[in-house]
Amino acid sequence: MSPFRPDQLAAALDRAVADGDGPGIVAELRDRDGTRWFGTAGVADLTTGRKRRPGEHFRIGSFTKAFAGTVVLRLAAEGRLSLNDTVATWLPGVVEEHLGGDGSAITVRQLLNHTSGLPDAVIGQEPPRPETPGTRFIYSKLNYTLAGMIVEGATGSTLAAEIDRRIAGPLGLTGTYLPTGAETVREPRARHYSRSDEGGGPADLHDVTDADLSWAGAAGGMVSTTADLHRFLRALLDGELLPPAQQEEMFTTVPTDGADWVPGTRYGLGVYEQRLPCGVTLWGGGGFIQGSTSFAMGDRQGHRTLVVNLNGDWNDFLKTFDDLYETAFRPGRDA
């Protein structure tokens with residue numbers, strides 16, 4: 001990898017929270033040669049002015065999908081399920097009764113790569129009519145809600161327990177978990193702030209650190225730390241968590257063109273690839289949930305990974321992502 005300039009990365013963090021664009025931000029960069037850099041800007045707590053620091057727990061939003069997808073693929077490797085199984089095989093009647101679709105026409109693979117045709121909603125809402133499975137990419141929380149339910153049906157355990165047993169425990173991810181019950185974000189933590197209400201509408205700035213976001217579940221409910229996300233992402237990129245066949249499945253992507261989603265991307269089974277304006281392609285994922293915005297991305301070989309978290313949800317996160325990751329990965333940078 002080309003060298004990076006810590007001062008340039010620190011300046012990009014300052015830009016991310018300038019003019020009230022976010023309360024605070026942390027970024028941790030790691031290279032395979034042992035290089036590590038940690039930086040912050042802004043604050044962890046708007047009341048006390050406390051700065052952000054290493055080791056904080058934060059909600060990772062949709063990067064939860066990478067954990068859920070890994071568990072499904074581990075079960076496939078063990079022969080406990082198949083990616084070609086239909087949803088109806090594991091959840092008979094659920095899609096038909098709650099979502100108005102045909103569960104016998106949707107495969108587990110289509111849930112994980114968002115080609116199921118299901119709309120972006122949560123069970124219990126009145127969703128739009130589903131489209132024909134396999135037609136196009138539609139990013140939908142329903143896909144991973146159903147995938148989490150399938151994991152629980154295949155194992156007789158909870159998704160939270162399977163993530164801990166198959167991923168967090170073996171990798172030593174002591175700060176990574178899917179909250180259950182009344183559990184929220186453990187200490188140490190930054191306060192999480194939002195300018196949206198529970199339905200996603202505009203609201204005055206408020207603290208959502210202790211909000212119950214258990215509805216996000218397999219689609220976006222997890223909590224982690226920068227160090228843990230580095231360890232997890234490197235293990236994914238290196239094939240440490242999955243046998244070769246399932247590793248290939250995870251990184252086989254579908255186009256997201258024309259979808260109302262992140263531009264310049266292709267989606268795999270819980271992870272995605274994104275081509276930066278500078279031409280570098282990164283792998284990993286991001287997460288946006290009430291009070292928190294996170295990214296964990298690296299080059300395909302895992303030579304360099306960068307994990308970022310904002311403890312707010314109103315930042316122009318696509319602009320922030322491009323700024324930070326271009327700064328960290330752009331080739332030909334002056335040393």
Side-chain angles (χ1 to χ4, degrees), residues 1 4 9 25-39 54-74 112 144 163-164 166-178 218 220-244 246-253 262 265-276 280-289 292-310 317 321 324-329:
M1 296 295 296
F4 74 97
L9 201 48
I25 188 169
V26 294
E28 184 175 353
L29 180 145
R30 295 189 182 187
D31 280 358
R32 197 178 287 278
D33 65 7
T35 300
R36 294 188 180 188
W37 180 88
F38 183 89
E56 289 174 342
H57 298 85
F58 50 83
R59 294 190 177 102
I60 67 171
S62 289
F63 196 49
T64 300
K65 294 179 177 67
F67 288 84
T70 299
V71 171
V72 172
L73 287 165
R74 292 280 294 261
L112 297 185
Y144 277 77
I163 288 172
D164 188 63
R166 297 172 179 275
I167 302 174
L171 293 182
L173 309 183
T174 57
T176 299
Y177 59 98
L178 178 61
M222 286 184 67
V223 172
S224 192
T225 68
T226 58
D228 278 8
L229 291 183
H230 274 289
R231 178 74 180 96
F232 172 65
L233 179 58
R234 183 67 55 80
L236 274 187
L237 295 171
D238 286 350
E240 183 179 344
L241 287 168
L242 296 171
Q246 284 69 40
Q247 178 80 350
E248 183 177 358
E249 288 276 10
M250 172 166 266
F251 289 92
T252 298
T253 61
V262 182
T265 58
R266 293 179 59 92
Y267 203 91
L269 303 188
V271 297
Y272 60 86
E273 61 174 300
Q274 183 168 2
R275 185 173 177 85
L276 300 178
V280 172
T281 297
L282 301 181
W283 288 85
F288 180 82
I289 194 168
S292 184
T293 308
S294 305
F295 295 101
M297 303 286 281
D299 64 280
R300 183 64 184 83
Q301 295 72 36
H303 295 309
R304 174 171 296 167
T305 51
L306 177 64
V307 176
V308 178
N309 173 259
L310 272 152
F317 65 90
F321 172 88
L324 287 168
Y325 281 82
E326 284 262 324
T327 301
F329 288 88

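Computation of the quantities below employed the complete heavy-atom set of this structure, encompassing side-chain atoms and omitting hydrogens, waters and symmetry-equivalent molecules.
- Legend: side-chain hydrogen bond (donor to acceptor under 3.5 Å, both in side chains) pairs involving residues 267-276, not counting sequence neighbours, sorted by first then second residue: Thr253-Glu273.
- Pairing each heavy atom of Gly55 with each of Thr225, the nearest pair is O-CG2, 4.0 Å.
- A distance of 6.5 Å separates CG of Leu242 from CG of Leu236, quoted to the nearest 0.5 Å.
- Considering only heavy atoms from C-beta on, Asn309 comes within 4.5 Å of Ser292 through its side chain.
- Taking CG from Leu73 and CG from Leu112, the interatomic distance works out to 6.5 Å, rounded to the nearest 0.5 Å.
- The CZ atom of Arg30 lies 10.0 Å from the CG atom of Leu229; values are rounded to the nearest 0.5 Å.
- No side-chain heavy atom of Arg300 sits less than 4.5 Å from a side-chain heavy atom of Thr281.
- With Asp238 as the fixed residue, the side-chain hydrogen bond (donor to acceptor under 3.5 Å, both in side chains) test singles out one of Gln301, Arg32, Gln247: Arg32.
- The distance from the OH atom of Tyr325 to the CG atom of Leu29 is 9.0 Å, given to the nearest 0.5 Å.
- Of all heavy-atom pairs spanning Thr64 and Gly221, the tightest one is OG1-N, 3.5 Å.
- The side chain to side chain contact (heavy atoms under 4.5 Å, CB included) test applied to Thr35 returns Phe4, Asp31, Asp33, not counting sequence neighbours.
- The shortest heavy-atom contact between Phe38 and Glu28 is CD1-CB, 3.9 Å.
- No side-chain heavy atom of Asp164 sits less than 4.5 Å from a side-chain heavy atom of Tyr177.
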Take Leu276 and Leu282 through the side-chain contact (heavy atoms from CB on, under 4.5 Å) test and state the conclusion after the steps. CA-CA 8 Å; Leu276 300 178; Leu282 301 181; 3.9 Å; yes

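- Contact record, Ala68 with Tyr144: CB-CD2, 4.0 Å, taken as the closest heavy-atom pair.
- Residues meeting the side chain to side chain contact (heavy atoms under 4.5 Å, CB included) test with Leu233, sequence neighbours left out: Leu237, Ala296, Thr305.
- Counting heavy atoms from C-beta outward, Ile167 and Val71 have side chains that approach closer than 4.5 Å.
- Contact of the Phe67 side chain with the Leu178 side chain is not registered, since no non-hydrogen atoms from C-beta on lie closer than 4.5 Å.
- When the salt bridge (Lys or Arg N to Asp or Glu O under 4.0 Å) test is applied to Glu240, the partners found at least two apart in sequence or on another chain are Arg231.
- Here the CZ-OG distance, from Phe58 to Ser294, works out to 5.0 Å after rounding to the nearest 0.5 Å.
- Counting heavy atoms of neighbouring residues, nucleotides and ligands inside a 6.0 Å radius, atom CD of Glu248 does not exceed 12 of them.
- Taking 4.5 Å as the limit, every side-chain heavy atom of Leu269 sits out of range of all side-chain heavy atoms of Thr252.
- Not counting sequence neighbours, the partners of Thr293 by the side chain to side chain contact (heavy atoms under 4.5 Å, CB included) test are Phe288, Phe295, Leu310, Phe317.
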Val262 and Phe321: CA distance, side-chain angles, deciding distance, side-chain contact (heavy atoms from CB on, under 4.5 Å) verdict: CA-CA 11 Å; Val262 182; Phe321 172 88; over 6 Å; no

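- The minimum heavy-atom distance linking Thr176 with Asp228 is given by the pair OG1-OD2, 2.8 Å.
- Taken from CE in Met222 to CD1 in Ile60, the straight-line distance is 5.0 Å, to the nearest 0.5 Å.
- Applying the side chain to side chain contact (heavy atoms under 4.5 Å, CB included) criterion to Pro243, with sequence neighbours excluded, gives Ala77, Gln246.
- Shown here for Ile289 and Gly220, the closest heavy-atom pair between the two residues is CD1-O, 3.2 Å.
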